[in-house]
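Just below is one structure, and these are the notes that go with it.
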Amino acid sequence: MTHRPSLGVCYYPEHWPEERWAEDARQMAELGLRWVRVGEFAWNRVEPREGDYDFVWLHRAIDGLRAQGLAVVLGTPTATPPRWLVDKHPDMIPVGRDGQPRTFGSRRHYSHSHAGYRAECRRITEKFASEFGGKVQAWQTDNEYGCHDTVRSYGPHDLTAFRLWLSERYETIEALNDRWGNIFWSMTYDRFEQIALPNQTVTEANPAHWQDYYRFASDQVVSFNREQVDIIRAYSDAPISHNYMGRVLEFDHFSVGADLEIATWDSYPLGFLEDRIPATPEHKVAHARQGDPDFQALHHDLYRAVGSMSGKGARWWVMEQQPGPVNWAPVNPAPLPGMVRAWTWEAVAHGAEVVSYFRWRQLPFAQEQMHAGLLRPDGKPSAVWDEVAQVARELAEMDVATETADVAIVFDYQSCWAWEAQPQGEINGDAFSHFDVVMRYYRALRKLGLSFDILPPSTTDFGARRLVIIPALYAWTESLRGAVDAFGGHVWLGPRTGAKTEDFALSDALWPGVTRSHVETFRDTRPLLRGGAFECWMDHVETEHDVEEFTRDGAPAWVRDGKVHICCGLPDEALMTRWMTKICAKAEVETEALPASIRRRDLGGRRVYVNYGAQTVDLHGEPIAPAEVRLVHQPEMNADNAPPTL
Ligand code: GAL
């Protein structure tokens, strides 16, 4: 499948006088933008009082954009329920893990389990769909499910819905008692109505209780989203999307994605570096104006996989791209000149159909007054304007064909929840997490120049790939085991893989012929190996298979059963690099020794290099400056299209 990447922007006509709208639309078109997202926070403006609708202004705003040839994404406004609606349903407000209700005065102030709020969402979605179904070119449901810690709510409506969910899953209370292991600590229940949410227990709740609560909370997001999708579909053929966030792990994006044509996400590289990546202070300083070289790339790949779930091709966009300093991280630097263009190219190189900037014009009031836009508050072009115009020109003639990568990593949301419920160890103060383990593998392999696919755990066929990494999967599913068994390439199983049953009990064998005798986590007593060590985690195993490498103490560290490789600990950076180089050689995956600050991504006959460092470095005998993008045409790489000149 080929596509021509284009650019877009997020626009809030309701924030600006109507006399300015035509000029905004004209400038957007002139800049080379193609898509404009509107509407997702405008509930109070379209329904200032219950049942008192005003869509006329939004029709005019959309008509004005269309008149300039711009395509429109319309967002349903359900992330910002107005005050009158909260007055009508005061108990729709989510309750925090500490048992305290949150309050009105920002956004996302709702519980997905509140039936009354859900009915209001269906009503306003139907209004949007019937008003604009024939007019807009794409849809967005809500805004950033899960952002601001809003998947999990611990109020009375959540409790009622959780009990119902449990009774449907287990059918009898005896089955639940048995599968949770409630004989322990006399926790046996007589009725589903006795079960509480797991957040206020005296000491830790049963991890099986947590895991089911986490599954339930995720399912609530999926069904909330599906209600909107079903309504929109009845009125419109335009594709439906949702804008996911970076490192939001509390709901299964693959399940939401199965109901949508397009996955989009909101990429804020400098904000994320500050506020959600475990990294040394030196790493943060070195990348303060560029962002982490791998965090965005991982999300591009993850959401490309989420965008494939509907089975209609791998459709994904960046819906919100940071265009300058943001307002929400502890410190908010400006991107290096050229970096917004480089981020855009990185997304395009990962197969993005659209990269859309947030926001059109910096707003001089309220929470985001310090957040940059493509225009300054005074309406003049901001520092990034020329860069965006440049990328728009560069992309104008480019058709991209997405392709399957040789290497894939399995990402599993249930494993994120399982290790959150039971981290058992920590790394530099951060609890053991599935995401961080995936990130370690991803970073090590990307430093070797590789391009990846990310796969959901529901994958049944790894195709013609050469290497699949399964980093810290908590429980095997039949389908994934089947995929491994049928695969002709190499499979690498990271620590903790297959450690639990579906019901959160210990599983017997790590892999057939590999038994775990015991597990340990540690800070300083690190098992040493040649050229590195295990950090945080070690599975001590007994095995009948070949051992590729031992720890210095003689414990199996890398066990090999044919083309399946079992890694018994969490490799530190040096060991990870050595082992990933070695496994790639075994799997006949070509690697490239890149300078430390350079990353590469291959796509449809093109090879895109970006310098994420603060220094100019040498790449293939030529200097590449900070934020520079180098595009190399790879004639041997299945390419029909000539690349644009950069
Ligand atoms: C996103 C959100 C936008 C805006 C932006 C600011 O998380 O979707 O509405 O708040 O952050 O960076």
Side-chain angles (χ1 to χ4, degrees), residues 8-16 35-45 73-82 105-110 138-151 221 225 241-251 253 256 260 262-277 289 291-292 295-296 299 303 316-335 339-340 343-344 347 354-377 382 384:
V9 76
C10 303
Y11 180 46
Y12 301 91
E14 67 273 25
H15 295 166
W16 303 100
W35 286 92
V36 186
R37 185 193 65 183
V38 296
E40 84 279 10
F41 298 132
W43 196 334
N44 204 36
R45 187 69 177 72
V73 186
L74 181 61
T76 62
T78 49
T80 49
S106 62
R107 62 178 171 185
R108 303 210 50 74
H109 40 280
Y110 68 85
W139 293 89
Q140 174 182 296
T141 54
D142 202 278
N143 189 79
E144 291 183 344
Y145 293 131
C147 197
H148 321 305
D149 189 16
T150 51
V151 170
V221 177
N225 182 71
S241 70
H242 176 75
N243 60 332
Y244 306 104
M245 218 337 180
R247 204 186 171 135
V248 163
L249 306 171
E250 292 82 8
F251 69 94
H253 293 49
V256 172
L260 300 169
I262 305 175
T264 80
W265 83 286
D266 298 343
S267 179
Y268 291 92
L270 305 191
F272 293 150
L273 179 74
E274 272 294 325
D275 111 327
R276 58 194 76 180
I277 301 177
R289 289 167 174 265
D292 185 274
F295 186 82
Q296 284 67 241
H299 284 83
Y303 294 136
W316 78 277
W317 304 8
V318 174
M319 186 61 92
E320 299 181 13
Q321 172 64 65
Q322 173 170 4
V326 300
N327 61 298
W328 45 264
V331 296
N332 296 289
M339 209 60 223
V340 173
W343 292 330
T344 306
V354 177
V355 178
S356 157
Y357 302 93
F358 183 93
R359 55 193 296 143
W360 174 243
R361 180 170 171 184
Q362 183 172 350
L363 190 68
F365 50 84
Q367 280 94 325
E368 291 179 354
Q369 56 185 262
M370 304 300 287
H371 195 297
L374 300 186
L375 294 183
R376 305 188 320 203
S382 74
V384 79

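In what follows, residues are counted from 1 in the order of the sequence shown. None of these values were measured; they are calculated from a predicted model. Counting starts at 1 for both ligands and their atoms, following the listed order.
Relative ring orientation between His371 and Tyr268 is described as perpendicular, the plane-to-plane angle rising above 60° on a 0-90° scale split at 30° and 60°.
Legend: residues meeting side-chain contact (heavy atoms from CB on, under 4.5 Å) with Asp275, ordered by chain and number and at least two apart, are Trp328, Pro330. Take Trp16 and apply the side-chain hydrogen bond (donor to acceptor under 3.5 Å, both in side chains) test, not counting sequence neighbours, and it matches no residue. In this view, Tyr244 and His242, His253, Tyr303 satisfy the ring pair (Phe, Tyr, Trp, His ring centres under 6.0 Å) rule, not counting sequence neighbours.
Near ligand 1, heavy-atom contacts under 4.0 Å come from Phe41, Arg107, Asn143, Glu144, Met245, Asp266, Tyr268, Glu320, Trp328, Phe358, Glu368, His371.
Side-chain contact between Val256 and Val221 is present, with at least one heavy-atom pair separated by less than 4.5 Å.
A distance of 6.5 Å separates CG of Asp266 from CG of Asn143, quoted to the nearest 0.5 Å.
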